[in-house]
Amino acid sequence: MKKFVSLLFATTLVFSIACGKGKEASKEDQGEDDETQTATVATNTASTAPAAAAPAAAVSADAATLTGMVKFEGAAPKMASIQMSADPYCQSQHGSAPAMEEDAVVGSAGELANVFVYIKDIKGNFPAPTTPVTIEQKGCQYHPHVNAVMVGQPLDIKNDDNTLHNIHALPAVNSQFNEGQPVQGMVSTKKLDKAEMTPFKIKCDVHGWMKSYMAVMPHPFYAVSQTNGTFTIPNLPPGSYTVVAWHEKYGQQEQKVTVGAKESKALSFTFKG
Amino acid sequence: MKPQEPIPHNYSIRRLNMIFALSSLVLLAVTGLMVGYDYIRGWKWFQLEFMRMQQERISQEIGVAQAEENKQQLADLDAQDRKNEIELARHRDQYLSAQKELDAIEGDHYRADQDYRFVKANLDAQRYITEAAVVQHLPDAPQQQAEFERQTKHLADLQLTLQESTRKRDAAKANVDQWLKKIKDAEDKKKELTASVDLLNKQLGTVDMKPFSTNWILSQPLLDFVNPVIKIDQVVLNDLSIDMNYMSVPRVDRCQTCHRAIDTPGWESKTEAARLSKELQQKLDAYQIPQEKRKETEERIAQLKRIQDAPNDILNPWRTHPKLDLYVGSASVHPLLEYGCTVCHRGQDRATEFGRAGHTPASPRMEHRWAERTALSAGFFPLPRDFEQRHWGYEENEFIETPMYPRHYYEAGCIKCHSGQMGVDRGDDITKAEQTIEIYGCYACHKIANWRFTDLRKPGPDLGGIAEKTTPEWAFRWISEPHNFRATTRMPSFFYQRNMIDPNVVPPQERAHNVKLQDAEIHAIVSFLFDKSTHRPWSPPGAGDAARGKQLVGSVGCMGCHIDTEQVKDEKTGQIRLAKREDFPLERNYGFNLTGVGTKANPAWIYNWVKNPKAYYADAPMPSLRLTDQEAADVTAYLVTMQKPAFMNTPIRPPDAQAVHDLAKGYLINTLSDVEAEAKLRSMTQHDQLVYLGQRSIEKYGCYSCHNIKGFEGLKPIGTELTVEGSKALHLFDFGFMNDEQWKNEDGTTEHVIHTVPSWVYNKLRNPRIYDDRRTKVYNDKLKMPNFHLSPEEARRIAMVVVGLTKEKVAENRMAGRDARTRLIEEGRKRVSQHNCRACHVVDGRGRDSIASTIADANFLPPDLSPEGARAQSPFLFNFLKDPTVMKIRPWVSVRMPTFHFSDEEANTLVTFFAEAGKGQQFETSRGMNPPAQNVAIGKQVFTMMRCTQCHGTTPVNPENPPVPNTADSTSLAPNLTLARMRLRHEWISDWIRRPNEMINGTRMPTNFPRDAATGGFQSPLAMAIDTPPFAQYKATLLPLFNGDEKELKRTMGDAVALTDYLRDYIWSIGITQMRTAAPGETVPAIAMPQPSLPPPTAPALKSTRNQRGAAGNSGGPGR
């Protein structure tokens, strides 16, 4: 029985990806930092799903899509500027406009970015993509600010700055690491081998302001809200799920959702300050 | 014929025959029953069942081994075999001729070999003859010489022939082999493939119990004494003997008779398998497992995973010991053959039945479940349902002197051999338990001979100056019920306890009387203490700022040992509730809770106490934090604001004159007649009566055991001696009416006393007065042990130590930690525990939870001392312990290392401990070494390339007060490296740079040379970077230092060990070499570089040709 379900699911995946390709392409125009993340995930899934579904190449058209919007209620908090004078190099990278803290990025209409949305309770085996997820350290800030990898997926950490960064990850489940990157352009590759769905902090001890968050997912059904507050979780097998929206400052919320075959459902999360 | 006269008998033969017949039948039946009973003994059944389980498992494994792909391979090989044979048959002629040729050559070879040997023997004889002839100047000497030379030549010729012959033979053999080899190879491969299956089949044979199998026949009744398959399995331990009062007999542990798989991995329960596989995986990930053992570990993890995935859980008694790496396992420190089982677990060593072995239930539920039985399990053998449900037909057996420790008390068994140690490695439970005993001061009232400490101080404060500190009103209320003042206090409640006033267990008329008597006793104790108190004047504090005081209390380190709140958020419910001691780390309960201190103590006393605790009493455990007068005034101002006004509103009933009189008289008539006592009392004022009664009451309750009180010096501790309490027989414990009874504790929980020693002790600790329930006793005979309001967990821990204190002695060679090195370490650990160092530091991998609970950022915490012995130079550590102001390593840390006023001996003990524990040398002489200039120059470039300067200062600073590194935000970066030479061990520096996170998990020092996941070796980021354009200038500078050898330069840049050694040499070169000039009369000597300086170290990585001493040889660092 189990075998059958996963088979069905795998075929669903393949088919929905095939169908969803056009949509991905049109979205790429928006050109957001987070968009690359979503796109990576999507293409990763595309590249590995056929392998998973190899024994049964039949196509099912059942996959659903979960979209949504994250809003912030109340007066939008002002983004604080970061004092980078401790490292002249960092300061020089930002010219006249100082860098901004990214702990609460709220748009003009209250759209909340950098919210990590994921399905909490989906069972099954989802092979990790082999394409790495990349975190860049650029201008003494992490890009992207919130991100996720799948269990076993390589994580590339790149230092684009001509200064020392150390990437100090503080996971609760995985083993923590702290690596120095004294050479510009250096890339350290890490693999996180345990699922840790609540994002953990990554910091740089040299530059106290640098913060990033990272989740380690056992499945590919997650997204990070963009600056317009939207998120999309494609290729979701039909079923009932708990969707969690997590924000570094405003905590996390849960919603139950049931999606039918081929359905596209919109969710909405609202955080309060 | 006359019939034969019957022989007259006095008895009837018929009847006699009958009796003989019957009795022989009965005897036969009894013998049969005996054999039958022996045949079905319970333990046999466990062995049979385990054999069945093994059989099942082995069959499964055979199934796996014979899986499809193996079968395919085997079939292929068979086909190959056939093909080979066909080919051989086809070329039979050639093969046969080759064989023939070989046979012929073998003959030739043999002949040649023989010839050679004979001639060689002759030559040896000729050698002697020739030598003798030459030495004795015989006339035939020249002939003999010629003969010798001739034979030598002959031999050489023969050798050539032999060699030629050997070569020919080998060639012929190869010719034959060419035909046979293919066949042999295929056979080898086949053997290899079937080897595991063959082995498994062999194993299967040993556990096969099918009817008419060898095992089955050997196990038949009356045959089974010949060579039984099912037999008692035992370990004889001669040097862990059992003391039978007049003789000691060897221990014979037969536990394995039923616990078949106890030392065999692979029979774990599912829960244990999950835990173990997780642990092993973590170790693998952290490179804690040596390279050669990694594969083995991976296989073990796979095995554990299989257990987790199996449909059925393995039940006791067939489970593997859950801590095989520590106990029982052959590679563990306590192997089964050397330690057995009952040394730790206790129980009846020779018993083979559940009840007789001394299994002890841990809870009433367990007891009742165990006690159940089916008809067959009652005395014969258990049925599957019985062991699934754990129905063992258990009956309590009072005559077993050493019943097993119940599950919650397992680690009690460690004490026997580890009693002298400050912590049992990997025995977290017992380590914490012994620490709990010390922090509550159980030893003060209950003598424990052979406790690891002989010089423990009294747990309570000195009461000689109580009037300087507080008021009689406060003292009365405090003694009445300390927990009303502070929920977390360790001062126990003596008065108004369950056996005095509890309406459920004391009759009403008695209750009112008891209250009067108790009131009188408290009044008397307070009167006595204040009557005898000293009245030293303490200077009042200047004006202080409470806000600054609060900030100081929170930041200088007070919170390592003290708690400043009584409200905590419950983790489960999320509600704010009254704190319990357990809400805080054990070390934080070392000092008292600060709440209400303003109500308790007067400001002048507080001010002087925080400035110098030793001034109040010399034995004070609190160290000095070197507060200035102003700081002390600020702290006082803050502490005074911590008030508990409600406490002072509880009413105080005046002493009842009659009660005081009666109690005092009760003591007086021990030595006086009734009339004399009355007369004596009439001659005393009420105050005098109270003081007299106070003195007797302090004796009665044993206040002097925990507090220094003048006049009570040298009195014996009040409580029962606990030295061998764990060996006390069950019938010596007074259960009162509390056998298999439930009772309700004051905290609302329900407890249940069962008839075992651990249960008695545990319940006694939970509420010391329960065994008085419903009993009729005279007032002074009632139980007096005070109530510590222990939580279930605390009571369990203490009970564990109590039941672990036994009279069972083990041979000296079996005691842990008796070698000289470990003793030195233990001495240091004692000091560490005594001074509560773990409040602020990690020592031996434990501690720092206290201070960490108030300071979130690890960078502002006091250091982790796990690597201290390998890290710090002994002279530095000694001076730093004596006077922590000699060096500030991380100036941004606000927590102060207190001045403990260590004596030289104490400081030395600690230094030795760290050095030994860190496997460092006690004395390090590297401080005077000057690294070669070339190494320093290379190190400097590496230092720049690795951007170390971004965090570390390299300009010399004042070690006592270095500036805080300049950063934009509140965090600070890293220690100034010019201090390293005075503080750090030479070799440690490079080791630290290579693997900081492995030494101190979570350190901010980044790993710059990450390990290669595959090999575990270090990688260098400079290996590639050195050839990139941004590094061109460094390369240009470095090349001359490598004599222009670019290959060598590149190799070095990829060699993390060499790079870190260069970095170390550079850091060494910039170090200051003088700490501070010794002030006149100062007790702490200044530390300086030893003179004259020693030869420099050899350059670590460069070849010896380039290994020149620096021209700047002894000019020292820039700090001079």
Side-chain angles (χ1 to χ4, degrees), chain A residues 80-91 98-99 101 137 140 152 154-155 157-194 200-211, chain B residues 278 281-288 856-859 942-952 965-974 993-998 1000-1013 1019-1031 1034 1053 1059:
Chain A
S81 62
I82 302 172
Q83 165 73 261
M84 289 189 178
S85 57
D87 190 337
Y89 171 82
C90 298
Q91 204 164 20
E101 292 275 9
Q137 296 156 99
C140 300
L155 168 66
I157 303 153
K158 191 173 178 210
N159 181 6
D160 284 331
D161 288 329
N162 188 18
T163 185
L164 172 70
H165 286 305
N166 73 317
I167 182 128
H168 194 166
L170 306 162
V173 182
N174 287 284
S175 39
Q176 66 119 340
F177 61 89
N178 174 6
E179 281 195 18
Q181 295 193 313
V183 180
Q184 186 172 16
M186 193 174 159
V187 178
S188 305
T189 304
K190 288 272 152 195
K191 264 187 192 166
L192 298 156
D193 51 5
K194 290 174 197 107
F200 58 82
K201 191 170 159 182
I202 292 176
K203 63 170 184 171
C204 171
D205 294 300
V206 187
H207 306 102
W209 60 84
M210 288 176 68
K211 268 181 249 120
Chain B
K278 201 174 143 196
Q281 190 64 49
Q282 272 171 1
K283 273 194 190 161
L284 259 188
D285 294 348
Y287 292 100
Q288 284 167 357
D857 189 341
N859 194 40
V942 178
F943 194 82
T944 324
M945 285 191 283
M946 296 299 292
R947 299 187 197 265
C948 307
T949 25
Q950 211 145 348
C951 301
H952 289 284
N966 176 31
T967 48
D969 57 356
S970 60
T971 56
S972 302
L973 297 170
I993 303 171
R994 280 195 293 274
R995 46 190 196 100
N997 204 39
E998 287 173 30
I1000 299 181
N1001 191 22
T1003 177
R1004 299 210 316 172
M1005 168 85 173
T1007 303
N1008 285 304
F1009 301 97
R1011 281 190 189 268
D1012 187 324
Q1019 296 166 306
S1020 161
L1022 298 182
M1024 293 294 145
I1026 193 71
D1027 286 334
T1028 58
F1031 283 76
Y1034 301 114
M1053 287 302 130
L1059 289 181

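Proteins come first, then strands; the chains are lettered A, B, ... in the order of their sequence lines, and each starts at number 1.
- Within a 6.0 Å radius of CE in Met1024(B), other residues, nucleotides and ligands contribute 12 heavy atoms or fewer.
- Across all non-hydrogen atoms, the minimal contact from Val183(A) to Ala1025(B) is CG1-CB, 3.6 Å.
- Contact annotation: the side chain of Asn162(A) never approaches that of Pro1030(B) to less than 4.5 Å [non-hydrogen atoms, C-beta and beyond].
- Per-residue counts of heavy-atom pairs under 4.5 Å with chain A were compared for Gln1019(B), Gln281(B), Met1005(B); the largest is that of Met1005(B).
- With a 4.5 Å cut-off on non-hydrogen atoms, Lys194(A) touches chain B through its side chain but not through its backbone.
- Phe1031(B) touches chain A through its side chain: at least one heavy atom from C-beta onward sits under 4.5 Å away, while N, CA, C and O do not.
- With chain B as partner, the option from Thr163(A), Asn166(A), Leu170(A) having the largest number of non-hydrogen pairs under 4.5 angstrom is Thr163(A).
- The SG atom of Cys948(B) sits 8.0 Å away from atom CG of Leu164(A), with the distance rounded to the nearest 0.5 Å.
- With Asn178(A) as reference, Pro1006(B) is the one residue of Pro996(B), Pro1010(B), Pro1006(B) to meet the side chain to side chain contact (heavy atoms under 4.5 Å, CB included) rule.
- For the set Leu1022(B), Asn1008(B), Thr1028(B), the entry with the most heavy-atom pairs within less than 4.5 Å of chain A is Asn1008(B).
- Minimum heavy-atom separation, Asn997(B) to Gln176(A): OD1-NE2, 3.4 Å.
- Looking at Glu179(A), its side chain never comes within 3.5 Å of a backbone N or O of Thr1007(B) through a donor-acceptor pair.
- Your options are Gln950(B), Gln282(B), Met945(B), and the one with the most heavy-atom pairs under 4.5 Å with chain A is Gln950(B).
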Should Gln181(A) and Arg947(B) be marked as a side-chain contact (heavy atoms from CB on, under 4.5 Å) after you check the CA-CA gap, both sets of side-chain angles, and the distance that decides it?
-> CA-CA 9 Å; Gln181(A) 295 193 313; Arg947(B) 299 187 197 265; over 6 Å; no
